[in-house]
Amino acid sequence: MKHGALDATTLDTVMSAVLAAPTVHHGQPWRLRADRDAGTIELTANTERQLPHADPVGRILLLAAGAALFNLRVAAAHVGWRLRLTTLPSPEHPEVLAVAQVADADGDRGDAVSAQRTDLYDALWNGTRGRFPSVNQPLPPAVVTGMEAAAEGEGARLRFADHGETRRLLALTAEAEARNIVDPERRDESRRWIHDLGSFGVSPVGPHQAPRPGLVDDLTALLHHSPPVEVYESNPILAVLSTAHDRRTDWLAAGEALEHARLVATRQAVHVSWLYQALEWADLRERLGDPDRDAGPVHMLVRLGYATPPGRLEAGAPRHR
């Protein structure tokens, strides 16, 4: 490939992979701009899709952008590109989140991490099923260690919660859910993102939760009809993603870590969803941290499990979470 030349077919492959990244409410709060002559792809914030009540500082927006950026890296490795990445390049232009330069074939080694993860490309296209129950089955140690290593490689920490910690985290999530339901501004904000399958926004599919709330963001309270009730797993598997600091660079890196870990799990048929409700409230977010460990600020709770019944997951399904 000639330096600086992005052919249309390859560029479309890469762009499609970026669009497959999961986001809260399937909102994709970012934009992509490719300069074929310069050989660059620019990722910028789309603040029109920011959630002003749930995400006033833009942290969740940058998490979503980080997931998109990691998909860009994986797709670039898949098509044989070498990237030179610059994140948050200009304080004068905070909307520019990352610039990826396609390097010369004989140039520097580019993005070494993504060059080693071409095996993750196929996992990009697997849909998520975060609104449905999972079976009560533990994860193999290799999956756990693989996800932990993936997060660490992006500058974050993924810690799996034990039974007691899981109960505490779910209680905080349920408290956030209860606050959201009675907060008219947040209710209206969430309702604006409920759409039909196949469009932007989240489709209100999925059953009502029993016996415990908090395992999914329960949009059923925003509907005008009552969906069926299903029993969710009694022993859910949760992990906590954190970083050492709480800067914009950390938010972006946390998003890359989330997506890297998700793809590692997806390759092993483990389904991953985000529990972000408690992160929308500053006091609850602070309480998500482990009081016995100095693990840094929490950016996301991650729910993991195997699908039940078989076939519930559909490849290419809209990424609700």
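None of the values given here were measured: they were computed from a predicted structure.
A donor-acceptor distance shorter than 3.5 angstrom exists from the side chain of R248 to the backbone of P94, with no hydrogens or angles considered. The backbone N or O of A176 lies less than 3.5 Å from no partner atom in the side chain of E280, so there is not a single donor-acceptor pair. Between the Q28 side chain and the A64 main chain, no donor and acceptor come within less than 3.5 Å of each other. Looking only at distances, no side-chain donor or acceptor of R267 sits under 3.5 Å from a matching main-chain atom of R262. Between the side chain of D250 and the main chain of R247, a donor-acceptor pair closer than 3.5 Å is present. Within the 3.5 Å criterion, the main-chain N or O of R59 finds a donor-acceptor partner in the side chain of D55.
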Report the C-alpha separation of M15 and L32 in whole Å, then their side-chain angles, then the decisive distance to 0.1 Å, and conclude whether the side-chain contact (heavy atoms from CB on, under 4.5 Å) test is met.
CA-CA 8 Å; M15 295 295 200; L32 287 171; 3.4 Å; yes
Is there a side-chain contact (heavy atoms from CB on, under 4.5 Å) between R303 and V272? Walk through the geometry before answering.
CA-CA 6 Å; R303 173 179 166 239; V272 181; over 6 Å; no
Dump the intermediate steps for side-chain contact (heavy atoms from CB on, under 4.5 Å) on L139 and F160, then the final yes or no.
CA-CA 11 Å; L139 299 182; F160 283 77; 3.9 Å; yes
What verdict does the side-chain contact (heavy atoms from CB on, under 4.5 Å) test give for L120 and V264, after you've listed the backbone C-alpha separation in whole Å, the side-chain angles of each residue and the deciding distance to 0.1 Å?
CA-CA 7 Å; L120 298 179; V264 167; 4.3 Å; yes
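Side chain to side chain, T10 and D7 meet the donor-acceptor criterion of an N or O pair below 3.5 Å.
Side-chain contact between L238 and L304: absent, with no pair of heavy atoms (C-beta onward) separated by less than 4.5 Å. Side chains of V270 and Y306 form a contact here, defined as non-hydrogen atoms less than 4.5 Å apart. Side-chain contact check for S16 versus W125: some heavy-atom pair is nearer than 4.5 Å. Between L258 and F70, the closest side-chain pair of non-hydrogen atoms is not below 4.5 Å. Side-chain contact check for Y121 versus L263: every heavy-atom pair is 4.5 Å or farther apart. Between L97 and L61 the shortest side-chain heavy-atom distance falls below 4.5 Å. Between L241 and V298, every side-chain heavy-atom pair lies at or beyond the 4.5 Å cut-off.
Annotation: the span from L275 atom CG to L172 atom CG amounts to 11.5 Å, rounded to 0.5 Å. To the nearest 0.5 angstrom, H53 atom NE2 is 11.5 Å from N180 atom CG. Taking CZ of R73 as the start and CD of E256 as the end, the distance is 5.0 Å to the nearest 0.5 Å. A distance of 4.5 Å separates CZ in R159 from CG in D290, rounded to the nearest 0.5 Å. The CZ atom of R285 sits 15.0 Å away from atom CH2 of W281, with the distance rounded to the nearest 0.5 Å. Expressed to the nearest 0.5 Å, how far NE2 of H299 lies from CG of L252 amounts to 11.0 Å.
I41 and V79 fall within a single hydrophobic cluster, where Ile, Leu, Val, Met, Phe, Trp and Tyr side chains are chained together by heavy-atom contacts under 4.5 Å.
Shortest non-hydrogen contact noted between A76 and L83 is CB-CD1, 3.5 Å. Smallest separation of non-hydrogen atoms from A54 and I60: O-CD1, 4.2 Å. For S242 against G296, the heavy-atom pair with the smallest separation is CB-O, 3.8 Å. Among all heavy-atom pairs drawn from L288 and L301, the shortest one is CD2-CD1, 3.9 Å.
Of the residues listed (R179, R187, R186), the one engaging D183 in a salt bridge (Lys or Arg N to Asp or Glu O under 4.0 Å) is R186, and it is the only one. Evaluated for a side-chain contact (heavy atoms from CB on, under 4.5 Å) with L124, the options V18, N71, L19 yield exactly one hit, N71.
Around atom CD of E95, more than 12 heavy atoms belonging to other residues, nucleotides or ligands sit under 6.0 Å away.
Counting only residues at least two apart or on different chains, the side chain to side chain donor-acceptor pair (under 3.5 Å) pairs with a member in residues 135-153 are N136-S234.
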